[in-house]
Amino acid sequence: QVQLVEFGGGLVQAGGSLKLSCAASGRTFSIYTMGWFRQAPGKEREFVACIRRSGISTYYADSVKGRFTISRDNAKNTVYLQMNSLKPEDTAVYYCAASGLLGTPRVESEYAYWGQGTQVTVSS
């Protein structure tokens with residue numbers, strides 16, 4: 001099993017920045033890809049970004065490309081999401097997820113482990 005805990009959510013004004021962290025514990029050797037998803041009120045959970053174990057290959061949703069940056073520190077078993085130029089439409093609960101699959105999984109079903117989520121609210 002793998003346990004994921006997110007940190008760093010909060011309230012920020014439009015145009016501001018936040019950095020989310022996700023610490024993994026347990027069978028972390030089984031994780032190849034880490035991802036971030038988000039779910040806004042009344043909407044389905046959607047893919048935001050993912051990063052392979054190497055930390056080199058990343059993939060982003062079009063809605064966050066150029067504003068968000070995903071990174072990971074394998075020595076700390078932690079993945080980060082730096083969010084810049086935040087918009088009110090970025091308001092959502094953000095979830096960290098871990099997958100044993102190679103490639104760039106972008107679908108919920110491809111992730112076996114999930115964090116509890118952290119709220120990000122962007123005011124206009």
Side-chain angles (χ1 to χ4, degrees):
Q1 293 294 323
V2 173
Q3 293 78 42
L4 303 173
V5 180
E6 299 101 335
F7 303 92
L11 173 64
V12 64
Q13 289 189 331
S17 299
L18 275 178
K19 187 173 185 178
L20 305 182
S21 303
C22 172
S25 61
R27 297 171 59 91
T28 56
F29 61 86
S30 66
I31 299 172
Y32 283 98
T33 304
M34 297 290 293
W36 287 95
F37 287 73
R38 68 185 182 185
Q39 187 169 21
K43 295 187 177 181
E44 294 185 352
R45 190 152 56 182
E46 65 176 2
F47 170 80
V48 175
C50 67
I51 184 169
R52 293 190 188 180
R53 176 180 283 176
S54 66
I56 298 174
S57 297
T58 58
Y59 190 89
Y60 297 91
D62 288 342
S63 58
V64 306
K65 200 172 296 183
R67 300 187 298 121
F68 291 11
T69 302
I70 188 170
S71 61
R72 66 190 292 173
D73 184 336
N74 289 334
K76 296 182 179 180
N77 291 318
T78 300
V79 63
Y80 306 94
L81 186 68
Q82 176 66 48
M83 305 184 293
N84 299 328
S85 301
L86 282 161
K87 305 174 181 180
E89 51 264 42
D90 294 319
T91 295
V93 176
Y94 282 71
Y95 297 89
C96 173
S99 173
L101 299 176
L102 297 174
T104 52
R106 286 161 274 168
V107 180
E108 284 188 60
S109 59
E110 295 178 308
Y111 289 83
Y113 305 103
W114 293 83
Q116 80 287 353
T118 185
Q119 177 69 48
V120 171
T121 303
V122 184
S123 62
S124 58

If I take atom CD1 from residue I51 and atom CZ from residue R72, how far apart are they, to the nearest 0.5 angstrom?
6.0 Å
Evaluate the side-chain contact (heavy atoms from CB on, under 4.5 Å) criterion for residues T69 and L81: first the C-alpha distance (whole Å), next the side-chain angles of each, then the deciding distance (0.1 Å), finally the verdict.
CA-CA 6 Å; T69 302; L81 186 68; over 6 Å; no
Is the side chain of T33 donor-acceptor paired with the backbone N or O of L102 at a distance under 3.5 Å, no angle test?
no
Is it true that a side-chain atom of R106 and a backbone atom of F47 form a donor plus acceptor pair closer than 3.5 Å?
no
Go through N84 and S17 one step at a time and tell me if the side-chain hydrogen bond (donor to acceptor under 3.5 Å, both in side chains) criterion holds.
CA-CA 4 Å; N84 299 328; S17 299; 2.9 Å; yes
Between T91 (side chain only) and P88 (backbone N and O only), is there a donor and an acceptor less than 3.5 Å apart?
yes
Sequence neighbours excluded - ring-ring contact (aromatic ring centres under 6.0 Å, His included) pairs with any residue from residues 72-101
none
W36 vs C96, side-chain contact (heavy atoms from CB on, under 4.5 Å): CA-CA, chis, key distance, verdict:
CA-CA 5 Å; W36 287 95; C96 173; 3.9 Å; yes
Could you walk me through whether L86 and F68 satisfy the side-chain contact (heavy atoms from CB on, under 4.5 Å) test, starting with their C-alpha distance in whole Å, then the side-chain angles of each, then the deciding distance to 0.1 Å, before giving a yes or no?
CA-CA 9 Å; L86 282 161; F68 291 11; 3.8 Å; yes
Kindly say whether V107 contributes a backbone atom to a donor-acceptor pair with the side chain of S109 at under 3.5 angstrom?
no
Can you tell me how far apart CD (E108) and CD (E44) are? Round to the nearest 0.5 Å.
8.0 Å
To check you understand the geometry: which heavy-atom pair defines the closest contact between V120 and G9, and what is its length?
CG2-CA, 4.2 Å
Any chance you could lay out the side-chain contact (heavy atoms from CB on, under 4.5 Å) test for R52 and T104, step after step, and finish with the verdict?
CA-CA 7 Å; R52 293 190 188 180; T104 52; 4.2 Å; yes
Kindly write out the residues that satisfy ring pair (Phe, Tyr, Trp, His ring centres under 6.0 Å) with Y111, not counting sequence neighbours, or none if the list is empty.
F37
So with a 6.0 Å cut-off around NZ of K43, is the heavy-atom count from everything else above 12?
no
Under 3.5 Å, is there a donor-acceptor pair between the E6 and Q116 side chains?
yes
On a heavy-atom basis, the closest approach of Y32 and G100 is CD1-O, 3.0 Å
Could you give the distance from CD (Q13) to OG (S124), rounded to the nearest 0.5 Å?
9.5 Å
Donor-acceptor pair, R53 side chain versus I31 backbone, under 3.5 Å?
yes
Compare every heavy atom of L4 with every heavy atom of A98, then report the nearest pair and how far apart it is.
N-CD1, 3.7 Å
What are the two closest non-hydrogen atoms of C22 and M34, and how far apart are they?
SG-CE, 4.3 Å
For A92 versus R38, what's the shortest heavy-atom pair and its separation?
CB-CB, 3.8 Å
Using the rule side-chain contact (heavy atoms from CB on, under 4.5 Å), only one of V48, T121, V122 pairs with D90; which is it?
V122
Heavy-atom pair with the smallest gap, counting every atom of V79 and S71
CG2-O, 3.1 Å
